[in-house]
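Here's the structure, in structure tokens; my notes come after.
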Amino acid sequence: MSIADRRAALAPRRKQSPVNTANEDGAGPAGRPAALLAWYDRHRRTLPWRPPAGTPADPYAVWLSEIMLQQTTVRAVGPYFAKFLARWPSVADLGAASLDDVLRMWAGLGYYSRARNLHACAVAVATQHGGRFPDTEEGLRALPGVGPYTAAAIAAIAFGRRTMPVDGNIERVVSRLYAVEEELPKAKPRIKALAETLLADSRAGDSAQALMDLGATICTPKKPACALCPFMEGCTARLRGDAESFPRKAPKKTGELRRGAAFVVVRGDSVLVRTREAKGLLGGMTEVPNSEWLAGHSDAAARAQAPQLSGVTRWHRKAGVVTHVFTHFPLELVVYTAQAPSGTRAPAGMRWVKIATLADEALPNLMRKVLAHALD
DNA sequence: CACCCGTGGGT
DNA sequence: TACCCAAGGGT
């Protein structure tokens with residue numbers, strides 16, 4: 001039976017019995033949880049951290065994937081998830097690792113406070129919870145790096161708790177379904193309450209993942225595929241014809257361009273590097289010496305912040321610039337290179353690392369760009 | 001509450 | 001091109 005046939009067959013029945021028939025065919029509000037799960041059972045995505053349908057999820061894998069997926073695409077997470085699980089098969093293994101090893105493995109994925117909290121969380125679970133994750137939303141919420149969304153997601157997906165995590169996908173689906181006019185983030189409580197009405201009596205984790213899959217594949221930010229949506233008939237925004245305008249939110253302001261200089265000093269087969277402060281931007285990550293990054297920073301002012309090394313007198317400016325875009329500002333770095341005589345000491349707080357082993361360092365992508373530009 | 005915090009891909 | 005967006009959390 002085609003979808004059109006099914007709709008044609010079901011439509012009259014709703015009219016015959018005005019009270020609760022809508023609950024059974026899934027088109028009315030009370031029937032949505034069942035319709036959602038039916039859609040999920042046919043169209044659920046196969047993902048590395050998602051076990052086969054009907055089989056229990058491993059809390060460690062769920063937690064690891066949820067942390068990695070925060071503000072990060074499924075595609076980007078895939079290889080990192082596999083690497084982490086292969087190297088640290090259990091939360092106790094991860095807790096026993098050094099933070100630096102974790103940062104090195106995380107390098108390139110971004111939002112490095114997640115990696116620091118990931119490690120702290122693994123230590124806490126291993127040492128304070130006997131290697132097992134708390135199985136309640138409240139218990140999970142107390143762990144480092146686990147906020148309201150992640151606590152609800154783990155509770156529902158790994159432990160079957162009847163709670164609805166609300167992520168960006170679900171905010172979009174729900175705000176369209178009910179045409180929520182209030183802007184984010186003010187609308188969050190309302191959207192949360194509406195999302196909870198989509199929870200099935202059992203299979204809470206599948207209800208949540210179904211909404212996320214729906215948001216990722218059908219109810220997309222641009223050009224949603226409404227014709228394929230299980231909620232098509234009852235979606236207020238689609239009926240109004242402006243689904244794409246939801247969720248409402250204030251436009252973000254783009255940050256001002258900042259400029260600076262990076263200094264790549266080569267001594268034989270090594271490069272001079274240092275470690276950034278533990279917190280803040282790129283906290284705890286490895287970098288080459290560089291100037292402050294300031295809006296309107298002149299090339300001369302930036303260059304004047306080069307590190308002082310005995311034996312290094314001539315800086316060579318590489319042609320072009322390295323550009324990078326952070327969440328709240330774009331950055332343009334001029335790159336200078338210099339050769340240091342063999343035996344040159346690294347200044348305080350800096351060290352020499354072999355160029356051949358740079359790939360193993362906790363280098364954020366910005367610094368990989370700088371080094372690639374300098375050593376090209 | 002507003003801001004900070006990476007990176008890559010899509011339109 | 002210049003945005004927008006992605007399974008958000010911390011402060």
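Residue numbers begin at 1 in each chain, while the letters A, B, ... track the order of the sequences. Every value quoted in this text rests on a predicted model; they were computed, and no experiment measured them.
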Task: Donor-acceptor under 3.5 Å (A:Arg116 side chain, A:Gly284 main chain) - done: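 Checking the backbone N and O of A:Gly284 against the side chain of A:Arg116, no donor-acceptor pair under 3.5 Å is found.
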
Separation of [N] [atom2] from [X] [atom1] (nearest whole Å):
X	N	atom1	atom2	answer
A:His328	C:dC3	NE2	C1'	17 Å
A:Leu214	C:dA7	CG	P	12 Å
A:Lys252	C:dA2	NZ	C1'	14 Å
A:Leu363	B:dT7	CG	P	11 Å
A:Trp106	B:dT7	CH2	C1'	13 Å
A:Tyr111	C:dA7	OH	P	13 Å
A:Lys279	C:dG10	NZ	P	12 Å

Candidate nucleotides [options], ranked by approach to the side chain of [X] - the nearest:
X	options	result
A:Lys253	C:dA6, C:dA7, B:dC3	B:dC3
A:Lys249	C:dC5, C:dA7, C:dG10	C:dC5
A:Phe326	C:dC5, B:dT7, C:dG9	B:dT7
A:Gln71	C:dC3, C:dG8, B:dT7	C:dG8
A:Arg75	C:dA7, B:dG9, B:dG6	B:dG9

- [ ] With a 4.0 Å heavy-atom cut-off, tell me which residues in residues 165-173 of chain A come close to DNA chain C, sorted by residue number.
- [x]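 Correct list: A:Asp167, A:Gly168, A:Asn169, A:Arg172.
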
- [ ] State whether A:Tyr40 and A:Arg50 meet the cation-pi test: NZ (Lys) or CZ (Arg) under 6.0 Å from the six-membered ring centroid, and within 45° of the perpendicular axis.
- [x]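 No, A:Arg50 and A:Tyr40 do not form such a contact.
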
Give [X] one of three labels, base, sugar-phosphate or nothing, depending on what nucleic acid heavy atoms sit under 4.0 Å from its own.
X	value
A:Val325	base
A:Thr254	sugar-phosphate
A:Gly215	nothing
A:Arg116	nothing
A:Leu47	base
A:Trp49	base

Open item on the list: I'd like to know if A:Arg114 reaches the base of C:dA6 with its side chain, counting only an N/O donor and acceptor under 3.5 Å.
Closed with: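 There is none.
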
Open item on the list: Using only modelled atom types and a 3.5 angstrom limit, is any donor from either the side chain of A:Thr73 or the base of B:dG8 paired with an acceptor on the other?
Closed with: no

Open item on the list: Side-chain heavy atoms nearer than 4.5 Å, only ILVMFWY residues, links allowed to pass through others: does that put A:Met367 and A:Leu282 together?
Closed with: yes

Task: Joint cluster assignment, A:Phe263 & A:Trp352, ILVMFWY side-chain distance < 4.5 Å - done: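 They do share one cluster, since a chain of ILVMFWY contacts under 4.5 Å joins A:Phe263 to A:Trp352.
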
Task: A:Asn117 side chain near C:dG9 phosphate (N/O to OP1/OP2, under 4.0 Å) - done: no

Open item on the list: For A:Lys222 and A:Thr72, find the nucleotide of DNA chain B closest to each by heavy atoms; which residue's nucleotide sits nearer the 5' end?
Closed with: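 By nearest-heavy-atom nucleotide position, the 5'-most residue is A:Thr72.
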
Open item on the list: Quick check: on DNA chain B, is the nucleotide nearest A:Pro185 upstream (toward 5') of the one nearest A:Leu366, or the reverse? Name the residue that is more 5'.
Closed with: A:Pro185

TODO: Kindly give the heavy-atom pair with the smallest separation between A:Val102 and A:Ala97, and that separation in Å.
DONE: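 That closest heavy-atom pairing would be CG2-CB, 4.3 Å.
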
Task: Mutual orientation of the aromatic rings belonging to A:Phe326 and A:Trp293 [parallel < 30°, tilted 30-60°, perpendicular > 60°] - done: parallel

Open item on the list: Which label fits A:Trp106 and A:Phe84: parallel for a plane angle under 30°, tilted from 30 to 60°, or perpendicular past 60°?
Closed with: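 Geometry flag for A:Phe84 against A:Trp106: perpendicular rings.
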
Open item on the list: For A:Glu182, is there an ion pair with A:Arg190 - N to carboxylate O distance below 4.0 angstrom?
Closed with: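 Yes.
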
Open item on the list: Could you check whether any side-chain heavy atom of A:Val335 comes within less than 4.5 Å of a side-chain heavy atom of A:Val288, counting everything from C-beta outward?
Closed with: no

Open item on the list: Dot-bracket, 5' to 3', for DNA chain C please: Watson-Crick or G-U pairs under 3.5 Å, [ ] where pairs cross earlier ones, | where the partner sits on another strand, dots elsewhere.
Closed with: .|||||.||||

Open item on the list: Roughly how many Å apart are B:dC3 and C:dA7, using the C1' atom of each and rounding to a whole number?
Closed with: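 Straight-line distance between the two C1' atoms is 22 Å.
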
